[in-house]
Every structure is written in C-alpha cells, then in structure tokens.
**Student:** 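Just passing along the structure, written as structure tokens.
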Amino acid sequence: MDWLTIITTTVHAAIGWESVVYGLAAIGVNIHFGYTGLLNFGQAAFMAVAGYGLAVAVTVMNLPFWMGIVIGLAAAAILALLLGIPTLQLRADYLAIVTIAAAEIVRLVFRSVYFKDIFGGSDGRRGFTGDFYAMNPFPPGHYGIGPFGFDERVIWFLAVGWSVVLLSCLVVYLLMKSPWGRVLKAIREDEDAVRALGKNVFSYKMQSLMLGGIIGCLAGFFYGLYNGAVQPDIFGTEMTFFAYTIVILGGAARVFGPVVGAMIFWVLFVFVGNTLAELVRNGFIPFMTTTQVGPIRYALVGLGFILLLVIRPQGIFGDKREIAINAR
Amino acid sequence: MNAEEPAESKAAITDRSAHLAGAEDAVLRCDELIAGYLPGVNILNGSDLYVKQAELIGIIGPNGAGKSTLLKAMFGLVNIRSGKVLLKGEDITNMKAHSLVSRGVGYVPQTNNVFPSLTIEENLEMGAFQVPGKFKERFEFVAELFPALAERRKQRAGSLSGGERQMVAMARALMTEPSVLLLDEPSAGLSPKLQDLVFIQAQQINKAGVTVIMVEQNARRCLQICHRGYVLDQGRNAYTGTGQQLANDPKVIQLYLGTLAKA
Amino acid sequence: GGGGDTATQTSQSAAPASSAPAAQGDGTLTLGTLLPQTGSLAFLGPPEFAGVDLALKEINEAGGVLGKPVAKFDTDSGDTTTNIASQSVDKLLAQKADAIIGAASSSVSESVIDKITGAGVVHFSPANTSDKFTTIADKGLYFRTSPPDKLQGRVLGDLVVADGNDTVGIMAMQDSYGTGLADQVQKTVTDGGAEVVERVDYDPKAADFSADVAKLKAKNPKGIVLIGFEETAKVVQELVKQGLPADKHKWYMVDGNTSNTNYIKMPKGTLDGVKGTIPGAAAPEEFQKKLLSVNKDLEDFSYAPESYDAANLIALAAEAAKSDAGVDIAAKLAEVSKGGEKCTSFKACVDLLKAGKDIDYEGVSGPVEFNEAGDPAVATIGIYQYGDDNKYATKALEYRTGNIAG
Amino acid sequence: MRRAVIAFTAFLGGLIFLLAVPAHADPADCQGLRGTLKLQGQPVNGAKISVTTEGGQPVEEVTSNAQGTWDVQVDEPGKYKVTLDPSSLPADSEVRGGSNVRTPTVYEGNCSTVLFALQPKAAPGAAPEDTGQSTFWEQAAQLTFEGVNLGLIIALGALGLSLIYGTTGLTNFAHGELITLGAVIAYAFNVGFGLQLIPAAIIAIIVSGALGYGQDRLFWGQLRKRGTGTIAMMIISIGMAILLRNLIQFFFGAQNDSYTDYNTQAGIEIGPISAAPKNLWAIGIELAVLIVVGIALMKTRTGKAARAVADNPALAASSGINVDRIIRIIWASGSAIAALAGIMLGLSQSLKFTMGQDILLLIFAGVTLGGLGTAFGALVGSLVVGIFIQVSTLWVPPELKSVGALAVLIIVLLFRPQGILGRRERIG
Amino acid sequence: MPDDTMTTSRKASALAAFKDMPREPGVPKPDPILVVDKVVRRFGGLTAVDVDHVEIQRGSITALIGPNGAGKTTFFNQLTGFDTADAGAWTFNGRAMNGVPAHKVARNGMVRTFQLTKALSRLTVLENMRLGAQKQKGESFWRAMIPAFWRGQEDEITERAEELLVRFKLDAKREDFAGSLSGGQRKLLEMARALMVEPELVMLDEPMAGVNPALTQSLLGHVKDLREQGMTVLFVEHDMDMVRDISDWVIVMAQGTVIAEGPPSTIMSDERVIDAYLGAHHDAPLSDTELESQLHEAEAALEAEIEEETQK
Ligand SMILES: Nc1ncnc2c1ncn2[C@@H]1O[C@H](COP(=O)(O)OP(=O)(O)OP(=O)(O)O)[C@@H](O)[C@H]1O
Ligand SMILES: Nc1ncnc2c1ncn2[C@@H]1O[C@H](COP(=O)(O)OP(=O)(O)OP(=O)(O)O)[C@@H](O)[C@H]1O
Ligand SMILES: [Mg+2]
Ligand SMILES: [Mg+2]
C-alpha cells in the first residue's frame, strides 16, 4: 500500500484548487440558499458565464486579462439580473427548476456547434491564463514540506485563491451579522412577513442573487485559471449539486461551512478513490480490477455523503436546533 | 404562581396523591409526564391529569404553559421522555396517533388543523378515514352544524378564512364518533355565534357519553361548562378543581382569567 | 506541440521548468492510465484499458523495458462534468509516472495537459481528435495515436460520392470528434459533386433522437452518414422507425460506431450493406481475439488499437532513449515511429533496437508516424461492410493510406 | 523520404488487401480523379469530361467508357477543376443541380471521386419529380407524435417523482436512478434469463415496487423518524443517486444495450406519421397508467390520504391515517411507475446506466410546469415539455432542442408561477 | 395598570369626534386616515369583498367585526397590497394606495399583522423584533459591512424591542427561535413585531385569538397607550369583551360588504348584527338556567334521534 501517495494527494486536495473553486461556488450557494432561502440551482451558470467571459474576452476579442475579469464579472451580474427579474417571484421549488433550466440553457448554448466560433463548442476555450501566471511573484521551485507541496505556479494560484476565499468569507461574515443579513434570513423564513414590515423583498433577493452569483463567478475564474481552459460540460448541473452538497455538509448559513464542506468533499473523494485503487492493486479486493475502481469509488463517495448527513444532518457547523425547527 | 406556594383556596391542590385519588377509574390518565421538543429542554415537567368516563375537563393557562404540548404528548405527537399515559388501563405512551384513533381517541390541533390542498369535503372524509361507511351520515350531521361548510364543500381548505378553517377542524373531529375527544382551542377565531355553538356542541357530545378534554383561552367560558379544570403553568399543574372553584378563585382570576369578561 | 517546438528542443527547456521528480528517471518505466471508468464516456474505458494491458503483458513477457518490468497505475479520467481527471493526474504524478496514457475526451485532456507536461511527463492520448492539440503549448510532451479525422473524413466522403449518392445527410455527434469528422466528410462530399442536404449535430445525451432523424427524413437523402459512438444504435432504431432503413438509403458509419456488438440484437438485415471506416491496416479480428484474452467481457473495441500502440511506442522510446524519464521518452517517440526498419510488435522492435538498428513501429491502428506536433502523420483507413447478421466482415473491402495533413 | 514511406505503407496495405479481396482490384498508387456516370442506373458511355488545374491549365480530357467510368491521373496533388460537357450527354438528360463543374482536391497517393448525378430532363410544364421530401406540416405532425411519445415517458417519470415529492416533500434526485434500475432489472430478466420482454417487464415492475417499499422502510422512513429535514434528505438523495448510478454501472456496464424483443421495429405509416407498433402500444399503456393513477389519487381513499399526508402528516396521523403505511405505498407505486418509465424508455431508445440521469431534468421540468404535486399536472407539464422539445426543432438546431423546452418552462412560469394546473396559496 | 383616567385626552377627542356621527355604513369621518372606495375582490364565483365606502378616523381605535368568511382578512389583504383588488381605490393619509406593493404600504405607515401568524421560524424572537424597525442604516448593502455605521442604531432598536417583549411576556423567550413558540406566543410576537415598525395605522387581524385573557387585558392597556401616542388602530376581533373595552368605533362586515357602523354599545344591540354575528348569547356568559335549558334541548334531540334509530 502506497500510503504516502494516498496521504499526500488527500492533503493536496484539501488545500488545493478544488477546495478553492468548489468552496467559492458553495459560498455563493450558501448566500443564496443558506441565508436567503433562494433555491438557486443555476450556480454553475454563474461560473460558466464568468469563465467564458474571461476566456472569450482574452482569446476571441483579444482584450487584456483584466478586461476579461471585468467582462466576466459583468456577465455574472447581468445573468443575475436576467435570471432574477423574472424568477425571484417564484416559490422556492419552482425557482429551483427554473434556475436549473436557465443554467442548462447557458451550457447548451456554450457547447453548441451553432456558436462554435465564439465559445468553441464542446471543447471550450483555452489560452487566457498567460497574464495571470505572468504576474506570479514566486520564483520557480518547490514550495512545501517534504512530499507535501506545490510548484510555483500552483502556489501562486493557491495564494490568490485562498485569499479570495477568505475575503469572501469575511464579507459574508460581516454582512450576515448585520441588519442586512437579518433581512435575508427573514426572507428565507417568510417573505410575506418581511414585506409586511416594509422591506423590499425583491431588492434584497436580487442583492443576494448578485452577491452569491458574483462569488460563484469567482469560482468560474479560478476554474479557468487553474485548468487553463473552460469547457461547457464542467458547468453542468452536477457542479451545482456538488456545491449544494458541500453547503449542507459544512452546515447551511454558516460562514465557514462551505469552505470546510469543500475540503471534506474532496478529501472524501480523493481518499476513498486512492485508497480503493491501492487496495485493489495490492490484491486486497480480489473480485475487482483496477479499472473497476472508478464506479465503486463513486458509489462509496455517494455512500459517504449519505452517512455523513445521516449522522449529522445539520452539517459540521450546523445547529441541531435549526434542523428541528425545520423538520416537517 | 408556582405550584409550591401554599394553597389559598379550595381550588388549588398541590398534593399529587390527593389529586390522583380520584383517578382510579379514569378513562385517560397521565402520570408525571415529562416531554419536550428540543433535546435537553423539557416543556412538560411532570404533569398529571386524569379524566373519567363522560367527564368534561378544561385546561387553561398562560401562553406557552404547555397545554398544547400536553395534548400532543397524550396523542403521541410529542415524544414523552418519562411518565406514562394510560387509556382505559392500557399503556399508550408514545403510541402512534393513528392507532389511538382506532382506539377511539379524537384530536383537534390548535394550529395547522386542516389539509390545505384538500377540499372541505375531502378534509371531512379524512376525518372519517377509519370509518368510511359512516361518512355520509356524519357529513349530514356536521353540515347542519356548520351550513357554511356544506355550501362550499368543493372549496379547497387552503383558501378558507381563519374561522372557516377552525370550523373544518372541528367538523373533522366530529366525523368519527370518538369516545375521548381532545380539543385544542376549538373556539379560537370563531365568531361569537359559532363560539357558542362549539361550547354547546362540546357539552352535548359530552352528555352523549364522550369524554372531552378541552384546552381553551376562552377560559371563563370553558370553566363554566367543564366538570373539572386544570390550570397549567410552566408544564406543571398549578391548580385543579371543579370549574366553579377555579372560576371563582381570586388567584386564578388574577393570574389567568383577567377581569375583562366580567366587566 | 506549440507549433515549432520540437521534442528535442524542449527536452532541455522542460526539465528546469518542472519541479516534478519524474523528470529524472528512476530506472523503472512507470505508465499511468487516465481513461474513463465513469461518466458519459465510460463505455470507451474497457477497450482502452484492455489495449494498454495487452501491450504491457506483451512487453513484460518480452523482458520489460530497460531490463525491468513496466509498472502501471490505472486511474479514472471521468468526464468533463467532474474534476476527477485532475485528481487522478495528481495521484499518478505522486506515483512517479513517466508517461500518462489518456484521456479519451479531448476536453479532459485539455484540462490536464498543463499539469502533466509541466511535470515533464509524457501525455499520450489514444483518442483525442481535437485539432487544438496540434498547436497547444505542450513542451513537446504531448502525443497521440488517435484516429486521424481528416483522412478518415476524406476517405468516407469519397466513398459516399463514389457510391453515387448525390444527396447526403449527415448525423453527427456534437463534440470535437463528431463535428471534426462531419466537417471533413461534408467538405469532401460537396467538393466531389454531391449535395449535403441536411446536417444534424445532435447532443449525444439527448433524451431521444426522433426529432434529429425527422430532420433527415424531411430531406430524404440518398446517403446517410452516421458519425458518433454507441448511441448510434438509438439513431439506427429511429431511422428504421421513420422509414429510412438501410435497404432504401445507403448508410455510412465511422470508427466510433462501426461495431460488431452494438447492433446484433437488431432484426437480421437491419444493417445489411452498411459501410463503415476504421483506421488501421490490419483486419481487426485477430487483435480483438488477443484483447479478449486480457478482458473477456469486452463488447466494444473502440480505441483499443490506439491504446495498445501508445503503450508500445512509449516502451520502445524508453528503450531507444535508454532512460525512463518523460522528456527522454518524448525525444525518441518520433524516431521510433518512423524511418527505419519496420516492425509490428514490441518484441520484434526491441530486438532490432538492441541490435542497434533504427526502427519504424507499425501499429495496429495504422503506420503511426509522428510529425513535429506529436500527431500521427500517416494513416491507413479500412472500409468494411456489414452483412445480414449486423456484423461487419472481418476483411475490409479496401484500405486507403495517405497523409493525414492536406 | 515521406513519399517513399507512404508508398511503402500503401504497398503494405495493398498487399494485405490483395491477399484479402483480390476481386476488388484497385491500383494502390492511384493519384487523381475518377468517377462513374449513370442515368437511372444505366452507365452513360461517351460523355466528355475535361480536367484542368485550379488555375485553368488543361490537364486531360477523357470520355466515359462502357461502364460509365472515367479516370484521370495527375502528378501533383492539389485542387482541380472538372467539367462535364452537357452536350455529350444522352439527349433529354441533364446534370442534377444544374452545375456541370466540380472542384475537387487530389491528395497525395489517393484518388478522389467526382460525381455528376444525371437525371432525365423534365418535360416543360410537367410536375416536378417527387423527391420524397416531406412538407412542413408532415414534419410537424411527425414531431408532434414524437413529442407525445417522449412526453408520456417523461410523464411516467414525473408521476412517480411527483407522488413521492407530494407525499413526503422529498425532492428525490435519485429518481432518475429508480428509472434506470427498473429498466436494468427488466434487462436482467429479458437478456439474462431469456424471458420475453412483457413478463420480464412485469416482474421488473413488481421487483422495483418492492425495492421502493423496502427503500422507504429501511432508509427514508428511518430518516423521517429521526426528524431529518427535507433539505438534508434532498442532499442525501443526491448521494443516493451517485451510489445507485455507479452500482448500476458496475453491474450493468457502461455501454448502451437494448432488450432482445421489439428491437428496431420498422415503422408503419399512419397518415403523415411513421410510428413503430411498439410506440403505439407504449403510448396506450402509458396513458392508461397515468390516467388510472391520476384518478386513483383524486378518488380513492388511499389517494386522498396520500394527499392529506402531503399536506400535513401530523394531522393525517391525528385523523387515523397510518402515515408510514401510506408513504410506503406511495414509494412502492412511485418506484414501480418509475420502473415502467425506465422500461418504456429502454424500449423506445436503449439502456444505459445514465439513462435516468439524462432524462431527470426533463422530468423535473414536466413536474414543475404542470404544478408541483398534482398528478395531472405532471401529465400535462410533461406532454408540453415533450412536444416542445420535438416540435421546436422545426426552428432551432436539434442540438439545442432542450433549450426550447426549458425556455418554454421559464416563460410559462413567468405567467403562471404556480404551474399550469397548480393553485396559488392564499396569503394571510 | 393603565386606566381610563390616564387615557382621557385622546380617547375623549376620539369619542367626541364619533359622538354625533350617523350610525350608517360608509359614514364620513371628520379626520379620516384611510378612505376606501368601491373595493371589490372576487374568487371565482364568490365575491369575498365588496366594500362601497369606508373611512377610518385618525387617532381612534376601530374594530372590524363580522362573521367568519365575511371578508375581513381579504379586505386587509387588498388594503395592504398583499392581494390585488379587482376594482376600487383607497387613500392613506390622502395618498392613493391602490396598486402599491406591500412593502411600500408598510413604509408609508400602514402595517398589518396576519391572522395565521407568520413567525420567522429560524430567527430568534429578538431578531424577529429587530427586523420590524424601520430606516435601519445597516439594512443597506454597503453600510452593512461596516458595523460602526449601524451599531448605535441597533442598540436603540434592541432596547425598544426588549421593552415590548417584556410587555408581551415574551422576554423569557427572547433568544429562542420564533419557530418554537406556542400558538398564543406567536400571536403576541406578531403584534409586538408590527409595533416595532411604529406605524401610523396598525391593522391587527385577530391579535388576541388564543392569547390568555389575563395577558389580553394588560395588552389592551398598551393598545390604548398607543392611541395616546397618536397611533390609529384598526383591528379584527371576535372577542366582544375586548371590542367593547377598547374600541371607539365598530365597523361590521358581512358577506363582503359593510352592513353597519357605530359605537360598540349601539352596534352590539343592532338586530342584524346579533343575527348575523353575535348570536343569542353574546352579551353575557350563559347563566346556569340557560345552560340547563340548552342541555335539555340537546338531550331531547338526542333521545329523539335514538328513538328514530331504534325504530328503524
Ligand atoms: N384565495 C381564495 N380563493 C377562494 N376563496 C377565498 C380565497 N381567499 C378567501 N376566500 C374566501 O373569501 C371569504 C372571505 O375570507 P376572509 O379570510 O376575508 O374572511 P374573514 O372575514 O377574515 O373570516 P375570519 O373571521 O374567519 O377570519 C371566505 O369565504 C373565503 O373562503
Ligand atoms: N415545535 C416546538 N419546538 C420547540 N419548542 C416548542 C415547540 N412548540 C412549542 N414549544 C415550546 O413549548 C412551550 C409550550 O408550548 P405549547 O404550545 O404547549 O403552549 P400552550 O400552552 O399551548 O400555549 P398557547 O396557549 O399559546 O397555545 C412553549 O414555551 C413553546 O415555546
Ligand atoms: Mg396551545
Ligand atoms: Mg380573517
């Protein structure tokens, strides 16, 4: 058994780019769903328009990197408006479906042959990260302790990524303990009551959608920056589902819930997968071949989610009392 | 106001054994119930209650005293942490609600007491779920009591006014002919005319041999018609006695009944 | 890769840029596979894994590479909807893989190519067809044995024209494989004087294909070109249902869907006379038998030859370089693929190498001659025809060899 | 050197080929242009064809032989221009499409075929030849039929989903996998045990129903008892979906497969529509099931109890309804209906471990469009989704067909936020 | 305990205003804060509200009574923008209010409570209360991030909230989730929260249904205080003791229309009102003899029934 590999890959996943990207996406979802009660199942669309905004701006329109970022942010904001204006009046579960539908529309359009010249079809776009890595202040080398560590490229990415994650957490923390956050939480509970108290529910929902969308869109940037490419299918419903899973794992409406949730999520994924692969390779599980590890790993990860939530339905940071109130 | 205070009137009793002395042939009795919703927080702190065959019992008390919780606990809707509920000698502690229904217990909850997406008629049908054969007959009966409901039998309960819902809830409980009926604030939200109807109805049912336990905030009214009453405070019996005794007890009046209705 | 940068140039520049330990060989050639075990392309996984396994079995039977048996780690590439591939690459790099065979999907390869080549490891795909990889910045470490779209498209297009179909309909799976091939077929067919009356790019995950087929039906083309993977069975089903059967219209298939297992449950004669193109100079039957000895459950053989060739080429290049370091292997890959004494198996080739000869590996998937970009330059396409039993004859009607570029 | 290589490989290929199919002699080193001229199946002899380079330099002029074939070899690969002399064609025949010039490309070591399709000259005033093309309305009819066909399958899935959602409040993302499971169980009986599909399907539906019952009894019911919230349950269902999907892949494999019966039925023409008999049967069965279940929910005691449980489980229990029993019945029937949906989907398409997942979004769309929690809403919503997907391809590229349906979903909900058959709740 | 002696000024002026007013539906008031004209709301075939003309006197406590299903709540819904009337117009403080969205209505100073309470379950009782306060600086996105901007105001709000909670006997529950309150406590919270808004007109929909009578009594004193502070109160209630005790004016609705208006004493002796609404026993609790006779009636009916049964 190659425990060293299992442990290093697991640790890398916990603090690596996956946690940054999924963590940010989940922070956005947490604002939408955890605090405001908006069942926005279209988070992937925010990531997609941002990633594509950056990519298309740089590769197709030949704009500088920073302009790409601005365009990506603007695209996310516009998406929030387009999505919000018609749908924020809907009941929560209807909103969920409409946002899924909208996200799928976005993905299908990005992936279509029809718009291939702009968005690059199913292969997406690449070649827009040069400027980002050109800003790297880390000289080449290996950063870390022993087998744990990253090269200069990744460490730069992670430095920026985790800063943004922490900054987002700080913003969420400040906002959610303010009266503004109180209004959001009240909307989550009963918007009519909030209306009766003179708050413009629509405007708050829109602000929430914007904020969460923009944080989600940062996730889109980081996905593109790390992988050097954006592709339509990564921004499918699965991504949103995972973001939700992460939020619930960490504990809804908790500032660090999404970040810790993302870490647990990836640790589970990597640890289970790599341990299983090693077990099979070393003949501990005779009835399986290494090529069958894939599905069984997923199955185990699914089982892991189930067990985690059965054991701790409120998530890591969640409050059991809230769950008790929520139960039907 | 706490139970340990020495009794100032005949109505107040603090002695468990004295209270339970009359409980021998009780139809339904609770012994030292401790129950609650959240872990670690008990709402009922050892309340006792018994009701004899064909008795009408009133429970009054301040808001949040645990009256509804007591009814729910008896009916198996709140987890009982310790203590016992006996129905005709049978231990029914934490038994599921539907099995109690088949043992002849009926219950009208205080809130959320209709099925919003079902029509009035279907709501009533659900009331007679275990005795579908009787539906027609009973429906005619409640239709006479609440003509407003009969007119609208196809309207969805979710669109009804507060009072209309309360009527549906009451009517639903009248669909079966239970031998023990638990009513949680049946008169709340009803017009004075219908409040009368509810109280008269309760008495009438009781006369016909049904054991009734009624929680009311229309306390004076309730004490007037009940055989015995309990005053519940902070999950404990604060006072018990006959309806008359309680209604005239100055302490009870000051703390729980107020003087408005007398004026 | 990178247009001009050749393998030899970057073998110097890649090493310092990467901090991965794999840059220095450790004496054991370690292969990693990054192939789909899960996700939408999971059906492509088993044959690809089998191809690599078969090659490895033969290599190790022949004494391994550099005197040691070749090690191998299998990982899942998933599909683009998850980020499994990136995880898998991390694991492979941690396990000191010298070369990684995968991924099946161009999009997945794209998302990990920087990571793999950045670590000085050879990235060798048996199935990527996107033309992006020709120009991608890869430090000269990216190679592929994938079926040459352009040539196959030309051959197929010419076949369609030669069969006298003046009106042609194309159903293509909407991804880089499908659209790339469809573009080439469309161009060839149009140049040859026939008209493409309808081209439908369909989403392979769509709930059903009746609307897509209805579009073809509306134009009633003489020849129908089906480009895709195994979902073609659903398309065939629709074609028959909507009255465009193979006995009234001429159907053509490509390597992704010319299969002997996919259609056998269909009524006899459903595919009678249908033609399909498959790259590779050899009749696939014997090779398939060998594959079945590795994995008896195989039902499909797509990209198995390419995977097999990839593993063999890497092993030969390592032998030729006398090193198992990724950059050294990359530097020799083009050399062993062309110009020299021809050989068709690892054993034969390695014997020639040991005898100090220059070799030219001829693969099961085709002659495999790498150009500067690490793409195959020459290929052979076989044209096969289905019989009454919905299986294609093991002998090709015809083989065409040519330059892929052009 | 490269040329030599090609020549050699070509030779090798040719060698194999010569050994293999000697009858199909074809010069391996052909490099040029060739073609065959045919008029209504008969070769056309003596047609004049001239080949020039792209720049107009004449290369060669040939005439077709008795087999109608012609062949021009060139030295340099590249683009060429081929012109057919119309006057050399038999009288009253012409080149289809009008143009008699082609500009093919010759590649190194390969021949390119050039086609001049010929047709008899249409007599002036005669009706244009029937090309077998269908009119817009024929297409629309066919697509509507396909929409109904697909919509009803979606509706079955939607009904199962809606039943479970309706009674337990659980948004079950694993419903897609229940669909797949049903299809795969039927496959196991059909292909594995060699049973005819109809009995296999019936067994699969029963087994699935039992599994649904067990699932609630052993799992979801226990969670409910512990007071797990609906959102946590929703996420648990995502975990469940991942678990089931991958287990199915492990056992069934990743490839497409189909049942042995009713595979690839030829269509029969009904007016403008061509439909396979199995489609017609499926539509009948699906409609029957949908209507029966819908009416059962509206009219039977258990159906009403199910709706009561949906509204307020505590009150339902207080009315004497055995809530757990009702929920289990619903789980069993929901799973059984899902299995039927899966079998129908497998029958009309094929089976794959992702088949349920792939259709889940459409199912959700159907349920929502109709109005959450109403059985007939699920039917109507799904039909709308199905029909829109198909019919929208008259205007949008088929790759984007789901976009049309999803856009309709959004638009309808803008005007009817409670869905087509849903009802607005009162405030206050 | 607040007493009539304390509340003379406003009450007196309110009573004076109502003194010589004709007792007829739609009668004009000298200083109306709310004027409603021809409001109609239909649900399918049912006309839930059809109010021709109604005015609410500023600074008074007006009761709206009527049988169940008379349309009182629906009427509230129309006025406060929670439902769209089929027709009609109304002005609040002279400003037209039809078509104005609910939150703007509330901001204008017209706040309502809900008959079926809307507790914000997973917010604490105190947070519920704080939410009611208007013009909070910390409710704007940008300022929210810097606590210095809103700390001071928040403290004031909290103080006010705590005072109200004490009055409403909810202070012990301040840190509990509102979702864990009992039915009566929810009613109390609903009303207390509305008062946090400090509206000009507060519209209470059955505020005291389910509230303990002793507490009700003390809260009525509070409501009277509100009037003294210049607030106008419009409330729906079925408890006639309460109506009699605090209201200056009573409006009676039945079947969607206003059928009578007048001071409490007059209204409660109005035949039509007694018929439609109060029933025979409205004025006093049933005396023992009455009870007896009722029971006799009932018994007779029962016996007759039983006889019927046996005869069958
Ligand atoms: N959304 C709706 N759909 C159909 N009917 C409705 C709807 N809302 C209210 N109604 C009907 O309109 C009538 C008036 O209802 P409303 O709630 O205004 O009565 P109310 O006077 O407040 O009665 P209560 O004293 O019982 O609260 C009732 O008969 C009710 O059933
Ligand atoms: N679902 C719940 N979760 C947590 N606590 C609850 C819940 N329901 C009630 N409580 C708490 O239990 C206590 C008793 O509530 P209960 O409903 O029994 O009061 P009650 O006597 O019926 O009051 P009321 O007269 O207002 O209806 C209250 O303090 C309340 O806060
Ligand atoms: Mg209560
Ligand atoms: Mg009302």
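Quick note on labels: first sequence line is chain A, next is B, and so on, each numbered from 1. These numbers were taken from a predicted model, which means no experiment stands behind them.
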**Student:** Considering all heavy atoms of both residues, which atom of Q166(B) and which atom of A188(B) are nearest to each other, and what is their separation?
**Tutor:** CG-O, 3.3 Å
**Student:** Among V105(B), L181(B), L49(B), find the residue that satisfies the side chain to side chain contact (heavy atoms under 4.5 Å, CB included) test when tested with I213(B).
**Tutor:** L49(B)
**Student:** Could you note down all residue pairs passing ring pair (Phe, Tyr, Trp, His ring centres under 6.0 Å) where residues 302-343 of chain D supplies at least one of them, sequence neighbours left out?
**Tutor:** W220(D)-W331(D)
**Student:** Knowing that exactly one of D324(D), I330(D), I326(D) qualifies, which makes a side chain to side chain contact (heavy atoms under 4.5 Å, CB included) with V309(D)?
**Tutor:** I326(D)
**Student:** Tell me the closest heavy-atom pair linking A341(D) and L156(D), and the distance in Å.
**Tutor:** CB-CB, 3.6 Å
**Student:** Between the side chain of N206(B) and the main-chain N/O of A54(B), is any donor-acceptor distance below 3.5 Å?
**Tutor:** yes
**Student:** Could you name each residue pair satisfying salt bridge (Lys or Arg N to Asp or Glu O under 4.0 Å) that touches residues 170-189 of chain B, not counting sequence neighbours?
**Tutor:** K134(B)-E177(B), R138(B)-E177(B)
**Student:** Mind checking which of residues 60-93 of chain B sit less than 4.5 Å from chain D, heavy atom to heavy atom?
**Tutor:** F75(B), L77(B)
**Student:** Indicate yes or no: does R224(D) engage D216(D) in a salt bridge with an N to O separation below 4.0 Å.
**Tutor:** yes
**Student:** Begin with the C-alpha distance, continue with both residues' side-chain angles, and end with the deciding distance and a verdict on side-chain contact (heavy atoms from CB on, under 4.5 Å) for V180(B) and Y107(B).
**Tutor:** CA-CA 9 Å; V180(B) 180; Y107(B) 169 59; over 6 Å; no
**Student:** What part of S161(B) gets closer than 4.5 Å to chain D, counting heavy atoms only: side chain, backbone, both or neither?
**Tutor:** both
**Student:** Sub-4.5 Å heavy-atom contacts with chain D: which residues of residues 112-120 of chain B show up?
**Tutor:** N112(B), N113(B), V114(B), F115(B), P116(B), S117(B), L118(B)
**Student:** Is there a side-chain contact between L190(B) and L197(B) in this structure, where contact means two heavy atoms from C-beta onward sitting under 4.5 Å apart?
**Tutor:** no
**Student:** Between M126(B), K96(B), Q130(B), E125(B), which shows the greatest number of heavy-atom pairs under 4.5 Å with chain D?
**Tutor:** M126(B)
